[in-house]
Amino acid sequence: GDSYTIVIPPPNVTGALHIGHALTATIEDTLIRYHRMRGDDTLWVPGVDHASIAAQFVLDRLIAEEGESRASLGRERYLERMWKFIDETRDVIGRQHRRLGASADWDRERFTMDEGSARAVRVAFKRLWDAGLVYRGEALVTWCPRCLTTISDLENVHRDETGTIWTIRYHLERPDGTPDPDAWVAVATTRPETMLGDTAVAVHPGDERYGDLVGRHAILPFLGRRLPIVADEQVDRAFGTGAVKITPAHDQDDYELAKRHGLPAITILDEQARVNEAGGAFAGLDRYEARRQLVERLRAAGDLEDERPHEMVVGRCDRCGTVSEPRLSVQWFIRVKPLAERALASVTEGRTTILPARFEKVYAHWMENIHDWAVSRQLWWGHRIPAWFCPDGHVTVSDLADGPEACAECGRPSGELTQETDIFDTWFSSGLWPFSTLGWPDPTPDYARFYPTTVMETGYDILFFWVARMMMLGLFCTGTEPFETVYLHGMIRAEGGAKMGKTKGNTIDPLSLVEEIGADALRFALVAGSSPGHDLKLTRAKLDGGRNFSTKLWNAARFVLANRPTDEAAADMPAEASLPVRWLRSRLADAVARATRQLDALDLGGYAATVYDVAWSDYCDWFLEMAKVDLRRADASPAERATTWRAAAEGLAVVLRLLHPLMPFVTEELWQALGEAEPHLTDGEPLLITARWPARSDRDEAAEAAFADLAALIRGVRNLRTEAGIPAATWAALVVDTSGPDGANALRGGLRYVEPLARARPIEIDAAGDRPELVAATPFGAAWLRVDAAGKSESGGRRAARLAEIESHLERVRRLLADPGFSGRAPESVVSRERERLAELEERRRQLIAEG
RNA sequence: GGGCGAUUGGCUCAGUUGGUUAGAGCGCACGGUUCACAUCCGUGAGGUCACUGGUUCGAAUCCAGUAUCGCCCACCA
C-alpha cells in the first residue's frame, strides 16, 4: 500500500490528557487504523512538546511551594530541576494515549527537547540565517511582566474591557522655558503612567485648533521635559481632544510616529512593569500605583480636565492573564513574508487542502497580513538560540552541537565567544515536528518513506500557532508541503455549550470516562454526529449512547457465539442462502462501500452513522431476529442451520472489521472470540488490528427489494397490533389478501419470518371473509388481524389521518406530473420515479378506501 | 471596524453536486417477564428546515437582504 503518515500536535510534556487531546487522538487513530487495515504503510510518531513558557509556568508554581524561585535557583539549577520534573511527567501522556487506544508507533516516541529535535532546530535556524531571513534588532515587542519574557502577537490575547480615559493638560512653554499657567494643550490617555516616557505631543496637520501650536513645545508635568508639538496624519482629530501624547517606548503607534519624526524613546518601566529611574519621583512604583499617584497629583494641580469610563481593548498574556506591556528590547526576528507567500500558494494552488475549506480563507487572510515573527524568548526552558557574539559585536550562527569554532567574521576562537541567552519560541521547534521526527536534516530511510505526511489534524484554535508555522518552516526546510491535508476539528463544549476551561471547573477528564464507560464508548461519542470545524457538545446522553452501543455489540456477539450449531458435519453441506442472509450480505456490501467512501473523504461523522446503523438496525434488529427463526425451527436441516449461523458469524466479522477503526477494544476482543469459535471466520488473521478491511462486494437488489416488502408487512402488522391494543405476548391470526399470485408466492417464502417478528399465527393468504375496520396496506395487499379484541377505538381516526397523508402526497405528485415544465425538463429517471410513486400511492389509497 | 460560522421537531446533530414522503440519537407517550441485550424490544406523537424576497419545472440545499447567537482578525490614544 501507500505510505500514510499522520501528525497530531504533541501535547505538553507537563500536562495530562484533556478531552481535546482525546478527540484529536480518536480521529487520527480511526484514520490510521483504517489505513493499516487497507494495507497502507502507516506511521504515527507520538511524542510530547517541551512547551517552554507553559512548563515554566507549572514548574514555577511547584518550586514556589518549596520556597524557591527562578531567581533563587539560577538558570543551571532551574533547568536541572526542570529535567527532573519532566522525567516524572513525560510518560503520562503516552500512557493515557494508550488507554484511549491510540495505535501510534510507540517505539518512536519523540520529545521536542531531544537531540534530534535540537539538531533540527539548529540547522533550520542556520539555514534561515544564511538565507537572510533572520535579523536581530531593537523593536517594540509585547512583554509579559509576570512571565518576564516577550510573547508573540498570538500569545497576546485582546479583550474588551472598561477602563478610564483621562484628559490631561500639558502647559505650553513660554519663551523663558517655563510652563505657561494659562496656556496648555490637553491630551487624552488611558494610560497616564506612560506620560513619564512622553517625548512629544502630536496633532493632525489639518486641525485648525492646533495649527499655531505645531513647532512649539509643551512642558511635561513633574519631569519638566520639553515636548515638541508635531503634526502627523496618524492622529484622529475626532478622538479625545485631537491632541495625543507620544510615548514611543510604550505604545506601538507612538513608536511608529516617533520613528517618522526622529523622536527619542524613553523606557520608563522595568521588566516587571515598575517605574524605573527615568520616572523621577515615581521610580519604584508599580505601573498601576504610579498611575494612581500621577492622576491624584494632576488633579491636585488642576491639570486633570476630565475623567470618564472608556471601552477599550486590553492585551493580556495568554498564559497568565497579566496585562501585557509593549517593551522596547533587542529580539531575534524571522522575516516571514517570503515564507508566508509560499505557504499561501501551497493552499491556494491545492497542494495542501484544509478541511473544512472555509478555513483556507482564514489561513489566507493571516498569511497575507503576517508580521515578522519575534522568535526569541527570555526564558530558560527551551532551545537556546544558536548564535554567538564576539567581543567586537560580530554574530555567528552555528548549527554545530558544540557551537562555532571561531567567529565567522573575525576568526576569534570559540573561547572568546558567548552564546545568546535567549531561547526559541516553543512553536519554532513544534513547527519542525513533521520532519524533525523523521530524521531531518539527514536523508534517512524514514524521511524518504514517510515524508511528506498525509493528514495533519488538530483543533482550529492552533491554525496560526502551529499549522501555519509548520507550513512555512516545512516548505523552507524540506522544499515541500509537510502534509497533504489539514483536518481541523472543533472545540469540545460543555453541556450547556460553554467553553471548557480549568478555571471554569467544567472540564471533562477523558481518563475517568474511559474508566467509567470504556474507551470505545468515549471514542464513539466523540466522533458520532461530528463534522470538521464545528464545535461539539459532549453531553451525558451522547456518552451513554456510546456505552450502549458497545454493550449492544457485546451482546450480539454473545448471541452468535452461543448459538453455534453443534453438528459439525453440517458445516460441509451448505444450503441455499435464505432471504435474510442474502439481504444481510447486501446491506453489509452497502455499508462497506459507504464506510470506505466516508473514511476516504475524512467524513468521520458519516462513517460512525453508517456503522452504527448497519450494526444495530440491520444486523441486530432485523437480521439476527430472523436468523433466530432458521436457527431454531424444528424443520430446518442441519445444513440450513449451519448456513444461517455461518452467515451470522461472517456478518459479525464484517461488522467488527468495519467498526474496528473507531472501537478497537471491543472489536478486537470479539474478534479473538470469533477466531476461537471457528478460526476460518477470522481468515487466519489473528489480530483484528492487522486484519484486512472488508472487500467490496455487490449489492443484491432483488434480495433488498424482497426484504423491504417483508419488512413493510411486519411493520404494518406490528402497527395493527399496537393500534388494536393487542398485548405483545398474544399471538394473533393474520390474514393477507394478496393482490395476485406473484404476491402470494413472494410472501410464502417469508412467512416463517413474519410469524415471530409480528407475533402473528396462523397466517392465512387470500382468505375470504369479512374484513375488520383495521386494515394495513402492505406491498402484498391488505392485511388484517383476527382477534376478538381487534378493531374499535381510535382506528377510524388513524385511518382517516393516513388517508389524508396519502391524498396530500398524491396531490403533489399529480401536480408535478401534470406540469409540462417538469416532464419536459426534469431528467427521465426523476420523472419515471414520480410515475411509479403515483401508481404506488394510488394503489395504497384504493386499498384503504376499499376497507372503509 | 473587517471576516467567518450557525440557525432543521423539547435537546444534540446529519442532510453528499438543488430531485421520492427532511433523517438519526436522546427525551416524551403507549405497550412489552418473546431463552443476545430493560445499557433492551416494538409502536407512536412531534418539524411552515430563523425571516423576507429572488432564481428554477422543482429550494433545507443556489443568490440577495434582515434578525439572533457564536467565533476569528484588527495599532487607534
A.B. asks: Could you provide the dot-bracket string of RNA chain B, using ( ) for intrastrand pairs, [ ] for crossing pairs and | for bases paired to another strand, with Watson-Crick or G-U pairs below 3.5 Å?
C.D. replies: (((((((..((((.....[...)))).(((((.......))))).....(((((..]....))))))))))))....
A.B. asks: B/A60 and B/C49: how far apart are their P atoms, nearest whole angstrom?
C.D. replies: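 B/A60 and B/C49 have their P atoms separated by 7 Å.
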A.B. asks: Cut-off 3.5 Å, side chains only: do A/D520 and A/S550 have a donor facing an acceptor?
C.D. replies: no
A.B. asks: Atom CD1 of A/I165 and atom P of B/C76: how far apart are they, to the nearest Å?
C.D. replies: 13 Å
A.B. asks: Residues two or more places apart in sequence or in another chain: which of them pass side chain to side chain contact (heavy atoms under 4.5 Å, CB included) with A/T644?
C.D. replies: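 A/T644 satisfies side chain to side chain contact (heavy atoms under 4.5 Å, CB included) with A/A627, A/D630, A/L631 once adjacent residues are dropped.
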A.B. asks: Considering the options A/H250, A/K245, A/R287, which one meets the side-chain hydrogen bond (donor to acceptor under 3.5 Å, both in side chains) requirement together with A/T194?
C.D. replies: A/K245
A.B. asks: Take the protein atom CG of A/L538 and the nucleotide atom C1' of B/C26, then report the distance between them rounded to whole Å.
C.D. replies: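 So the CG-C1' distance, A/L538 to B/C26, works out to 14 Å.
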A.B. asks: Output all residues satisfying ring-ring contact (aromatic ring centres under 6.0 Å, His included) with A/Y210, sequence neighbours left out; order by chain, then residue number.
C.D. replies: none
A.B. asks: Does A/R358 place a side-chain N or O at less than 4.0 Å from the phosphate oxygens OP1/OP2 of B/C4?
C.D. replies: no
A.B. asks: Can you find a pair of side-chain heavy atoms, one from A/M663 and one from A/R523, that are under 4.5 Å apart?
C.D. replies: no
A.B. asks: For the pair made of CG in A/N719 and C1' in B/C30, what is the distance, rounded to whole Å?
C.D. replies: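 A/N719 atom CG is separated from B/C30 atom C1' by 13 Å.
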A.B. asks: Starting the side chain at C-beta, find the nucleotide from B/C4, B/U20, B/U16 nearest to A/E834.
C.D. replies: B/U20
A.B. asks: Measuring from atom CZ of A/R493 to atom CG of A/D535, what distance do you get when rounded to the nearest 0.5 angstrom?
C.D. replies: 4.5 Å
A.B. asks: Measuring from atom CD of A/E625 to atom OH of A/Y619, what distance do you get when rounded to the nearest 0.5 angstrom?
C.D. replies: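 A/E625 atom CD to A/Y619 atom OH measures 11.5 Å (nearest 0.5 Å).
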A.B. asks: Mind checking the P distance from B/G25 to B/G42? Whole angstroms is fine.
C.D. replies: 10 Å
A.B. asks: Of A/E311 and A/G545, whose closest RNA chain B nucleotide lies nearer the 5' terminus?
C.D. replies: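 With A/G545 and A/E311 compared, the 5'-side residue is A/G545.
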A.B. asks: Report which part of the nucleic acid A/R715 touches: base, sugar-phosphate, or nothing (heavy-atom distance under 4.0 Å, all strands).
C.D. replies: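 The residue A/R715 makes sugar-phosphate contact but no base contact.
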A.B. asks: Please give the distance between the C1' atoms of B/G31 and B/G70 as a whole number of Å.
C.D. replies: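 One C1' to the other, the span is 43 Å.
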A.B. asks: Regarding A/K628 and the six-membered ring of A/F559, is the cationic atom NZ or CZ under 6.0 Å from the ring centre and inside 45° of its axis?
C.D. replies: yes
A.B. asks: Taking any heavy-atom pair under 4.0 Å as a contact, classify A/A188: base, sugar-phosphate, or nothing.
C.D. replies: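 Counting heavy atoms under 4.0 Å across all strands, the contact made by A/A188 includes a base.
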A.B. asks: Can you tell me which nucleotide in B/A14, B/A77, B/G25 comes closest to the side chain of A/T189?
C.D. replies: B/A77
A.B. asks: Can you measure A/R540 atom CZ to B/G27 atom P for me and round it to whole angstrom units?
C.D. replies: 13 Å
A.B. asks: Looking only at side-chain atoms of A/H310, point me to the closest of B/A77, B/A14, B/C4.
C.D. replies: B/A77
A.B. asks: Write down the distance between CG (A/L720) and C1' (B/G44), rounded to a whole number of angstrom.
C.D. replies: 14 Å
A.B. asks: Given B/G19, B/A77, B/G25, identify the nucleotide with an atom nearest to the side chain of A/F822.
C.D. replies: B/G19
A.B. asks: Would you please say whether a donor-acceptor pair under 3.5 Å links the side chains of A/D153 and A/H371?
C.D. replies: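 Short answer, no.
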A.B. asks: Between A/R597 and A/D600, does at least one N-O distance fall below 4.0 Å, as a salt bridge requires?
C.D. replies: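 No, A/R597 and A/D600 are not salt-bridged.
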A.B. asks: Tell me whether the side-chain N/O atoms of A/S531 come closer than 4.0 Å to OP1 or OP2 in B/A14.
C.D. replies: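 Affirmative; the distance criterion is met.
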A.B. asks: Can you tell me the distance, in whole Å, between the CD atom of A/E233 and the C1' atom of B/C76?
C.D. replies: 15 Å
A.B. asks: Within the structure shown, what part of the strands sits under 4.0 Å from A/V187 by heavy-atom distance: base, sugar-phosphate, or nothing?
C.D. replies: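 Nothing: the residue A/V187, judged by heavy atoms under 4.0 Å, touches no strand.
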A.B. asks: Using atom C1' of each nucleotide, how far apart are B/G53 and B/C11 to the nearest Å?
C.D. replies: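 Here B/G53 and B/C11 have their C1' atoms 32 Å from each other.
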A.B. asks: Between P on B/U43 and CD on A/E723, what's the gap in Å once rounded to a whole number?
C.D. replies: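 From A/E723 CD to B/U43 P: 12 Å.
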A.B. asks: Determine the Euclidean distance between corresponding C1' atoms of B/G1 and B/A74; express it in Å to zero decimal places.
C.D. replies: 8 Å
A.B. asks: Go through B/U16, B/C13, B/U43 for me and flag the one nearest to the A/K537 side chain.
C.D. replies: B/C13
A.B. asks: If you only use heavy atoms from C-beta on, which nucleotide in B/A77, B/C26, B/U43 is closest to the side chain of A/T722?
C.D. replies: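 Closest nucleotide to the A/T722 side chain: B/U43.
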A.B. asks: Contact between A/D618 and A/D613 at the side-chain level, heavy atoms closer than 4.5 Å - yes or no?
C.D. replies: no
A.B. asks: Could you run down the sub-3.5 Å N/O contacts of the protein with nucleotides 31-39 of chain B?
C.D. replies:
residue, atom, partner, partner atom, Å
B/A36, OP2, A/R632, NH2, 2.4
B/A36, O3', A/R558, NH2, 3.4
B/A36, O2', A/N555, OD1, 3.4
B/A36, O2', A/R558, NE, 3.4
B/A36, O2', A/R558, NH2, 2.8
B/A36, N7, A/K628, NZ, 3.1
B/A36, N6, A/C620, O, 3.4
B/A36, N6, A/E625, OE2, 2.9
B/A36, N3, A/N555, O, 3.2
B/A36, N3, A/A556, N, 3.3
B/C37, O4', A/N555, OD1, 3.4
B/C37, O4', A/N555, ND2, 3.3
B/C37, O2', A/N555, ND2, 3.1
B/C37, O2, A/K552, NZ, 2.8
B/C37, N3, A/K552, NZ, 2.9
B/U39, O4', A/N548, OD1, 3.2
B/U39, O2, A/T551, OG1, 2.7

A.B. asks: A/L553 has an atom CG; how far is it from atom P of B/C40, in whole Å?
C.D. replies: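 About 12 Å, once rounded to whole Å.
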A.B. asks: Taking any heavy-atom pair under 4.0 Å as a contact, classify A/F359: base, sugar-phosphate, or nothing.
C.D. replies: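 Result for A/F359 = nothing.
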A.B. asks: B/G65 and B/G19: how far apart are their C1' atoms, nearest whole angstrom?
C.D. replies: 27 Å
A.B. asks: B/G44 and B/G23: how far apart are their P atoms, nearest whole angstrom?
C.D. replies: 13 Å
A.B. asks: For nucleotides B/U34 and B/C41, find the distance between their C1' atoms and express it as a whole number of Å.
C.D. replies: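 9 Å, rounded to whole Å.
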A.B. asks: Identify which one of A/L734, A/T722, A/T778 satisfies the side-chain contact (heavy atoms from CB on, under 4.5 Å) criterion when paired with A/V717.
C.D. replies: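 It is A/L734; the other options fail the test.
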A.B. asks: Does the side chain of A/R316 come within less than 4.5 Å of A/V323's, by heavy atoms?
C.D. replies: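 SC-SC contact between A/V323 and A/R316 confirmed.
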A.B. asks: Could you pull out every donor-acceptor pair under 3.5 Å between side chains of residues 359-368 of chain A and any protein atom, sequence neighbours left out?
C.D. replies:
residue, atom, partner, partner atom, Å
A/E360, OE2, A/I354, N, 3.0
A/Y363, OH, A/A343, O, 2.8
A/H365, NE2, A/N369, ND2, 3.4

A.B. asks: Return a single string for nucleotides 68-75 of chain B, one symbol per nucleotide in 5' to 3' order, where B is base contact, S is sugar-phosphate-only contact and - is none, cutoff 4.0 angstrom on heavy atoms.
C.D. replies: ----SS-B
